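Here the structure is a predicted model, which means the values were calculated and not measured.
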Amino acid sequence: MSRLRARTASALHQGPLPGLIGYRLRLAQQAVFRDFAASVPGLSPGRIGMLLLIEANPGVTQSRLAHAVSRDRSTMVGVLDQLEAKGLIERRRGTDRRTNGVWLTRGGRYALARAKRAIAIHERRVAARLSSVERAKLLELLARIAA
């Protein structure tokens, strides 16, 4: 039996799934994350997102960072502990001693610069089937759903 025929014979009828936004988003997310993992080894999209936020907001407090990514503060501490253990970030005591500012280390800046180059290639590959107008529209629609 040919490969295509075998795949078609074993395919399940998907019922209403293809018409569900959440289902389509999940399939797209899985495809994007697989490509991301192959393109940017060693750091997850979430960890890269943290580094990008810290780069754009040097000295951001842990609580503001947690709020920005919709994580509770205790989860954020664990994430930052991991990034700190890898030598990518450092925490510095704030002026009021109750807060810590978060900064990229030299190693963090270097790793992020390398990751950004890989992400640019990854983004082009992921969006290869979309025109620039379609890509912009997709980003706009996803932002509206997330709001």
Side-chain angles (χ1 to χ4, degrees), residues 3 7 10-147:
R3 213 182 218 173
R7 193 176 73 198
S10 66
L12 293 176
H13 185 275
Q14 294 185 323
L17 287 174
L20 300 175
I21 292 171
Y23 177 72
R24 291 294 189 174
L25 281 173
R26 182 66 178 150
L27 292 179
Q29 179 193 36
Q30 289 172 335
V32 169
F33 276 31
R34 273 192 305 273
D35 190 88
F36 188 97
S39 302
V40 188
L43 286 170
S44 69
R47 300 305 187 259
I48 292 287
M50 290 286 180
L51 295 175
L52 289 167
L53 284 170
I54 294 166
E55 178 188 50
N57 302 278
V60 65
T61 64
Q62 294 176 181
S63 59
R64 285 190 66 205
L65 195 55
H67 180 72
V69 296
S70 300
R71 298 278 185 240
D72 61 61
R73 287 183 11 208
S74 61
T75 300
M76 181 58 59
V77 168
V79 170
L80 295 177
D81 285 347
Q82 291 172 0
L83 293 173
E84 193 170 37
K86 289 183 179 215
L88 301 174
I89 65 158
E90 65 178 329
R91 296 174 178 129
R92 298 181 196 162
R93 185 174 301 280
T95 55
D96 66 5
R97 295 188 195 201
R98 292 176 299 160
T99 60
N100 286 322
V102 183
W103 306 80
L104 292 179
T105 62
R106 178 176 292 161
R109 287 190 300 276
Y110 176 76
L112 188 55
R114 287 184 54 214
K116 283 179 178 180
R117 290 189 294 274
I119 290 167
I121 295 166
H122 156 76
E123 283 283 316
R124 283 193 298 274
R125 191 171 39 253
V126 166
R129 295 185 199 146
L130 303 175
S131 70
S132 59
V133 171
E134 289 171 327
R135 182 183 184 283
K137 187 64 174 178
L138 177 59
L139 289 171
E140 175 194 335
L141 293 171
L142 290 172
R144 284 174 50 192
I145 288 172

(request) Go through Phe36 and Ile119 one step at a time and tell me if the side chain to side chain contact (heavy atoms under 4.5 Å, CB included) criterion holds. (result) CA-CA 7 Å; Phe36 188 97; Ile119 290 167; 3.7 Å; yes
Quick one: [atom1] on [X] to [atom2] on [Y], what's the gap to the nearest 0.5 Å?
X: Glu90; Y: Arg106; atom1: CD; atom2: CZ; result: 11.0 Å
X: Arg135; Y: Glu123; atom1: CZ; atom2: CD; result: 5.0 Å
X: Lys86; Y: Arg47; atom1: NZ; atom2: CZ; result: 8.5 Å
X: Leu104; Y: Leu52; atom1: CG; atom2: CG; result: 9.0 Å
X: Arg64; Y: Thr99; atom1: CZ; atom2: OG1; result: 11.0 Å
X: Leu65; Y: Ile89; atom1: CG; atom2: CD1; result: 8.5 Å

For a quick test of your reading: what N or O donor-acceptor pairs under 3.5 Å do the side chains of residues 28-35 make, sequence neighbours left out?
unit_1	atom_1	unit_2	atom_2	d
Gln29	OE1	Arg26	NH1	2.5
Asp35	OD1	Arg125	NE	2.7
Asp35	OD2	Ser39	OG	3.3
Asp35	OD2	His122	ND1	2.6
Asp35	OD2	Arg125	NE	3.2
Asp35	OD2	Arg125	NH2	3.1

If only atom types and distance count, is the side chain of [X] paired as donor or acceptor with the main-chain N or O of [Y] below 3.5 Å?
X: Thr105; Y: Leu88; result: yes
X: Arg24; Y: Gly19; result: no
X: Arg73; Y: Ala66; result: no

Report, as yes or no, whether the 6.0 Å neighbourhood of atom [atom1] on [X] holds more than 12 heavy atoms from other residues, nucleotides or ligands.
X: Arg109; atom1: CZ; answer: yes
X: Ile145; atom1: CD1; answer: yes
X: Tyr23; atom1: OH; answer: yes

(request) Please report the C-alpha distance between Glu55 and Lys116 in whole Å, then the side-chain angles of each, then the deciding distance to 0.1 Å, and finally whether the side chain to side chain contact (heavy atoms under 4.5 Å, CB included) criterion is met. (result) CA-CA 12 Å; Glu55 178 188 50; Lys116 283 179 178 180; 2.8 Å; yes
(message) As a quick check of understanding, evaluate side chain to side chain contact (heavy atoms under 4.5 Å, CB included) for Leu43 and Leu51, giving each step before the final call.
(response) CA-CA 10 Å; Leu43 286 170; Leu51 295 175; 3.9 Å; yes
(request) Run the salt-bridge test on Lys137 and Glu134 with the 4.0 Å N-O cut-off and return the result as yes or no. (result)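 No, Lys137 and Glu134 are not salt-bridged.
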